[in-house]
Amino acid sequence: MAAPAQPKKIVAPTVSQINAEFVTQLACKYWAPHIKKKSPFDIKVIEEIYEKEIVKSRFAIRKIMLLEFSQYLENYLWMNYSPEVSSKAYLMSICCMVNEKFRENVPAWETFKKKPDHFPFFFKCILKAALAETDGEFSLHEQTVLLLFLDHCFNSLEVDLIRSQVQQLISLPMWMGLQPARLELELKKTPKLRKFWNLIKKNDEKMDPEAREQAYKERRFLSQLIQKFISVLKSIPLSEPVTMDKVHYCERFIELMIDLEALLPTRRWFNTILDDSHLLVHCYLSSLVHREEDGHLFSQLLDMLKFYTGFEINDQTGNALTENEMTTIHYDRITSLQRAAFAHFPELYDFSLSNVAEVDARDSLVKFFGPLSSNTLHQVASYLCLLPTLPKNEDTTFEKEFLLELLVSRHERRISQIQQLNQMPLYPTEKIIWDENIVPTEYYSGEGCLALPKLNLQFLTLHDYLLRNFNLFRLESTYEIRQDIEDSVSRMKPWQSEYGGVVFGGWARMAQPIVAFTVVEVAKPNIGENWPTRVRADVTINLNVRDHIKDEWEGLRKHDVCFLITVRPTKPYGTKFDRRRPFIEQVGLVYVRGCEIQGMLDDKGRVIEDGPEPRPNLRGESRTFRVFLDPNQYQQDMTNTIQNGAEDVYDTFNVIMRRKPKENNFKAVLETIRNLMNTDCVVPDWLHDIILGYGDPSSAHYSKMPNQIATLDFNDTFLSIEHLKASFPGHNVKVTVNDPALQIPPFRITFPVRSGKGKKRKDADGEEDDTEEAKTLIVEPHVIPNRGPYPYNQPKRNTIQFTHTQIEAIRAGMQPGLTMVVGPPGTGKTDVAVQIISNIYHNFPEQRTLIVTHSNQALNQLFEKIMALDIDERHLLRLGHGEEELETEKDFSRYGRVNYVLARRIELLEEVKRLQKSLGVPGDASYTCETAGYFFLYQVMSRWEEYISRVKNTGSSSPDAAEVATYFPFHEYFANAPQPIFKGRSYEEDMEVAEGCFRHIKKIFTQLEEFRASELLRSGLDRSKYLLVKEAKIIAMTCTHAALKRHDLVKLGFKYDNILMEEAAQILEIETFIPLLLQNPQDGFSRLKRWIMIGDHHQLPPVIKNMAFQKYSNMEQSLFTRFVRVGVPTVDLDAQGRARASLCNLYNWRYKNLGNLPHVQLLPEFSTANAGLLYDFQLINVEDFQGVGESEPNPYFYQNLGEAEYVVALFMYMCLLGYPADKISILTTYNGQKHLIRDIINRRCGNNPLIGRPNKVTTVDRFQGQQNDYILLSLVRTRAVGHLRDVRRLVVAMSRARLGLYIFARVSLFQNCFELTPAFSQLTARPLHLHIIPTEPFPTSRKNGERPPHEIQVIKNMPQMANFVYNMYMHLIQTTHHYHQTFLQLPPAMVEEGEEAQSQETEMEAEEETMAAQANLIPSPSEASLSQESPASQPACSSQTEDVAAQGDTASAAESASAAAEAATLADAASIPAETK
């Protein structure tokens, strides 16, 4: 197999290069935003830039990147565009800039929206240019750029400006491009279209000739574009050299066709045009398909286009077609061909009379139609309206090959999409893993197109939706598998031995050589299938490795995925591996196949099952694993071996590779998606169209749902009646009781519910009346019934004063339908989620709620808050492995809940025993739940009923309060409650207490009745299943767990009514969708009533490691983000309580009117200044350190030593002032810098008691969802902005700090970035050198913004800061030393006990010694070495090796101390050039 050439990485220009560029000089003269006096607009500048910079460099990305980054489009091109100045260079420049914005994944249409007047004219010019002759004004390369621009337009239909132009190209009138007979046929199929067609004709007649001409041009545009493409395609020869411009044009054109076919609004009319042009037939017969290298990507794109042209959907209605309907369509086509043949072509008589199954295979059709002449074939095609009628006595102009392919490809039997999917192997093989058209390398630049599906706004059907996600998920996993294989196999160093075999010169933790491999079982296929039901094999390896690695191999569990690899190296022993050269040819990799572990075999050859029993100890080092192979793959391989004489793959494996369990769940997720596609996906009717991106986006909002609920109990949501009134501004609140003393929560609120899906009545009076009614809320305070006399019987209450938007979110979440809550940083998303869950639990006790989050951490935060509310903990259940991290003593996992039930049962039966004793009833009522039930029925209920009949009002006018206490039968039982139970103040009060006591008793027996099942079910597994399916009301899991375990949950009969998703904008599209379908439908309908999604699409999206899937396929788009783009209504929380108002300003521009909660202004911690620092936030400019800015030891592993040292120096300075180290977190935008900072922290701070370690050193992406008081942020890059250009990452970075944010960056680079302007304009308004107040200790009483009484010191650069911190540290040690000496010389009388004085003395001495040791470690700056290679500047190799990676993150105290001792600790940072000392 030929190894692909390594693509080149695009190197971003450095700041110095940018400044030296011709473009930058022009920018500074004409359009740079920071230049005050700009020269007037000059069209020649555009012409010059286009010719010299763009065309001359053959559209080099580096040049275009530079132009786009300089804000050329925003500040020059579009601002000055008008029809008068429009030219080729102008059009092309705008297209290049827009395409570059899409490549960079930044918003592209904002500029056009601000000035939309000339866009229609501009768009018409683009259409005209796209059809121009290739040898004329526009070259083919330029027209490829135009095609890409048009593709972006078609994929931006949510933008009104774009949609209004595109609709003119794609609508019913475009059928003008069809040949007349075909048009007639289509209009006959759908009668209502004929009415519309006649209407269009009438309107056309009314138009003036010029407008009609323009309209006709637009309607025929795509038909003409197809014809132009066919002419370019035909000009490509089979073997002679061809310009790559032609190939790229063809690839981009097919990409455009796929995108038009994959969207229903464009497909509806375009599919017929495409079919009528026979584009696919032309393509499959073209020379380009047969050119092996040049045509490889084109062929893959063509297969995708073929798939979408034949997609199982009705183009007009948009309904998915069933397999039966597809079969009917196929039969109709064949029979109409047979009828035409029977009537007009006697030579096809045999064909006409054969049954369909006999003639619909490709071979049969070729056999019947092959012998016919070209003219006859043309006539057959014209009878079917595929070609225009052939005039008499004229020969056809089409080649016979084309005519034959046209008829055969149209009528051959096709395998259904679901069959194709079921026959597809789930594991990737070497053919897919190293094919860069579908699994691009990490160097993907965004230039070319790829044979990948795209996730955009809309999908054709649920099948299409799942299939695109299935393919992308599979390929993204493949990319990670490729990285793992390359890493493990190259570590093993396979070389060719002297005798031609394989010898391994290295070793890998995750891979082992195979000693023996045998296939042990190939089970028979199921009926109707041609692949075996299962294939099992035994793999033997020799584990002569360290014990902990041996344990990892022996710990492989059932369902873990491994890979079997064949290597046949050709390189001799001792050859070095070069990571820059193609991997396959170096190691001689031949085959890769996946397998799934069933288990390890014991001495007797039996599989050792996972379970509570201890695993047997096996002797020796040889271990055999039983594995399942992929049956589909096995069948394909065997067929290939038998039919083509290929070698048997399964005899060749010599390496087995395992993967980290956390990253290895792809097969289970793929199986889940495939199972979903094989079942009838029952999505609730109210959600179906929204998920596909069609219809009214607000149709699932609660205000439009037919089953809206009028009265809701808000339980403890409101703290007072004033809070309630403030929560519904603009509403008229009517309280059912007038006495203010009774107007206390909880409240029931009756809302006005509009009938008829929210449509207002037409008449004026009624309308006014309607709006008045619509604003009135009826509020009814109610008292929660007394639950018993014990203090723990009192319900837990919410204490948060929710804002009116939070209340709207809670109200929406309680109503049926889809609720989307956008929660900016610090706006209380989790509190809202928990309150919704609590309110649903109390309003609908019979319903069950599923909570899904992205991370275990978010799930645990939710759980900790849920437990603080009035929710019975027996109804809570947490699935998955994250429950270990819950910071509570209680265990909410399945087995934890089982243990809770068993323990609670014993507690309750003890209570029953006590009650029995107090009532003096003989026997053993507390033996089981069953006996307790009888005891309640016959002993407790009878006494209660007798008591009620005595004390309830029996006609006497004034019931006696004393009687309530006198006759109460359970005095002795409640003797341990706070006394007196009955106050004797009034009959009503005492009666309520008595009923509360009985409720307490009744609850004991209700719970025991629920726990009866655990007596009947004996095993822990059965009990846990019962809890999951019957008992739990609130079930929580991560989205990954839902995807992995869907099959098991459905099998158990799991049911739920509501879903709440936290962090919804961070969850992959498919992982958001799967939780909707974790249950079987009831009577063909989904029982789902509510879907609440809480997230923030302005923060970071799901993590996709490969840039191509992330950008080209848009796989990073979450379902939440897509819904926002489509226009689904959202509740935007608008008050934050996390950060100072000044810090909030750095990111609140990204949100709709985000303000601050009152406490942000009032609390002292927010109004006090940051001690020792002049500003609460500052951007600190960091220049090159020792001539170096950013470095890149590995691809995308960026480091910046100057910034890393500066950040750590500031951290140490803050700690020396007295800041608690755990209140400071250090963030950075790259992994490389994270490892570098950790290394420096280990060396500088080690275990130093004066400094300590920061709370976290991590990346911005990892810190999403967390916060700390002080954040130190390193932006690393000095050449190009990099991925911080994604505004979402900027928002996360700016919003993590509560009180102080200090950013270290190369200011000249970041201040020019258009997307970052709103934040950086505020940052650069303050001085760019660090301003410190060294004599101000922490905490300070200075108010934020006040001038300090102490001296301010300005730090110019990193070496100065390091020097300063060193001196400060030495001074502190000396003063501490002096203080200790003074203290220890005090007379003993000052200390109360001699012993205490002695212990203090010892303690002081120990501390003194430690500090002295630390002082010795820190040489003065004058001694500091000027070594260029600081220890920390070495690439942090912790990311390179598996073993050290673990150490990098969790270095033990001992290691840190030794690291500190062995390096010249602070001296590296203080390695200051002489002149600065």
Side-chain angles (χ1 to χ4, degrees), residues 323 415-432 470 474 514-541 556-566 591-611 623-654 656-658 664-679 1044-1048 1050-1052:
E323 208 163 326
I415 183 168
S416 81
Q417 288 168 9
I418 202 71
Q419 272 178 301
Q420 270 175 313
L421 187 76
N422 290 338
Q423 288 173 17
M424 180 196 266
L426 289 179
Y427 303 107
T429 64
E430 70 287 347
K431 286 193 176 71
I432 291 173
F470 175 87
R474 180 166 171 257
I514 292 176
V515 176
F517 180 89
T518 12
V519 174
V520 294
E521 182 195 19
V522 180
K524 288 180 180 173
N526 289 328
I527 293 170
E529 293 175 355
N530 63 351
W531 59 89
T533 44
R534 73 174 171 271
V535 182
R536 294 193 296 171
D538 285 354
V539 185
T540 305
I541 57 176
L556 282 173
R557 295 189 304 187
K558 193 175 183 178
H559 301 310
D560 279 353
V561 171
C562 290
F563 285 88
L564 303 164
I565 300 164
T566 303
Y591 302 119
V592 176
R593 296 289 181 270
C595 65
E596 186 179 305
I597 300 283
Q598 184 185 356
M600 197 163 68
L601 301 186
D602 61 14
D603 297 335
K604 293 174 183 162
R606 290 177 305 202
V607 173
I608 302 168
E609 295 292 343
D610 288 338
R623 298 286 180 270
T624 302
F625 293 93
R626 177 84 29 97
V627 299
F628 290 107
L629 301 173
D630 188 320
N632 287 334
Q633 186 66 56
Y634 186 80
Q635 189 257 342
Q636 286 178 17
D637 287 334
M638 287 299 120
T639 308
N640 189 27
T641 303
I642 294 160
Q643 290 181 356
N644 305 331
E647 74 173 326
D648 184 351
V649 176
Y650 298 89
D651 287 343
T652 65
F653 298 131
N654 50 14
I656 181 169
M657 184 195 84
R658 63 191 172 93
N664 206 15
N665 52 27
F666 75 97
K667 179 175 182 273
V669 176
L670 291 176
E671 275 182 331
T672 296
I673 303 174
R674 187 155 76 178
N675 291 342
L676 273 178
M677 291 162 83
N678 276 290
T679 53
L1044 294 179
K1045 299 290 179 187
R1046 178 190 178 270
H1047 179 71
D1048 301 347
V1050 170
K1051 203 171 164 186
L1052 280 175

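Side chains are part of it too, since the values below use all heavy atoms of this structure and drop only hydrogens, waters and symmetry mates. What you see is a predicted model; the values in this text were computed from it and never measured. Count residues from 1 along the sequence.
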Check whether any side-chain heavy atom of T639 sits under 4.5 Å from a side-chain heavy atom of Q635, and report yes or no. yes
When rounded to the nearest 0.5 angstrom, what is the spacing between CG in N654 and CZ in F517? 11.5 Å
Examine distances only and state if a side-chain atom of N632 and a backbone atom of W531 form a donor-acceptor pair shorter than 3.5 Å. no
What's the spacing between I642 CD1 and D648 CG if we round to 0.5 Å? 9.5 Å
Residues, nucleotides or ligands: over 12 heavy atoms within 6.0 Å of K1045 NZ: no
Checking the side chain of E430 only, and the main-chain atoms of V592 only, is there a donor and an acceptor separated by less than 3.5 Å? yes
Would you find a donor on one side and an acceptor on the other, under 3.5 Å apart, between the side chain of N640 and the backbone of Q636? no
For the CZ atom of R623 and the CG atom of L556, what is their distance to the nearest 0.5 Å? 12.5 Å
Going by the side chain to side chain donor-acceptor pair (under 3.5 Å) test, name the single residue among R536, R534, K558, R626 that passes it with Q598. R536
Would you say that I656 contacts L564 through its side chain, given a criterion of any heavy-atom pair below 4.5 Å between the two side chains? yes
Is the shortest heavy-atom distance from the side chain of R658 to the side chain of F625 under 4.5 Å? no
From N664 atom CG to E596 atom CD, the distance as rounded to the nearest 0.5 Å: 10.0 Å
So do R593 and D637 actually touch side chain to side chain, heavy atoms under 4.5 Å? yes
4.5 Å side-chain heavy-atom contact, Q423 and I415: yes
Rounded to the nearest 0.5 Å, what separation is found between the SG atom of C595 and the CD atom of Q633? 12.0 Å
Rounded to the nearest 0.5 Å, how far does OG1 of T652 lie from CD of E647? 5.5 Å
Expected output: side-chain R674 to main-chain L421 donor-acceptor under 3.5 Å: yes
Main-chain N/O of I608 paired to D602 side chain as donor or acceptor, under 3.5 Å: no
Side chains of R474 and I432: closer than 4.5 Å at any heavy-atom pair? yes
Closest non-hydrogen contact found for L1044 with T672 is O-OG1, 4.4 Å
In chain order, what residues pass the side chain to side chain donor-acceptor pair (under 3.5 Å) check against D560, with sequence neighbours excluded? none
Donor-acceptor contact below 3.5 Å, side chain T624 vs main chain T540: no
Check whether any side-chain heavy atom of F470 lies under 4.5 Å from a side-chain heavy atom of L670, and answer yes or no. yes
Mark yes or no for whether R1046, through its side chain, and L676, through its backbone, hold a donor-acceptor pair below 3.5 Å. no
Determine whether K524 and T533 make a side-chain contact, defined as any pair of heavy atoms from C-beta on separated by less than 4.5 Å. no
Classify the angle between the aromatic ring planes of Y634 and Y650 as parallel (below 30°), tilted (30 to 60°) or perpendicular (above 60°). tilted
Can you name the closest pair of heavy atoms from P532 and A523 and give their distance? CB-O, 3.1 Å
Side-chain donor or acceptor of D630 paired with backbone N/O of L426 under 3.5 Å: yes
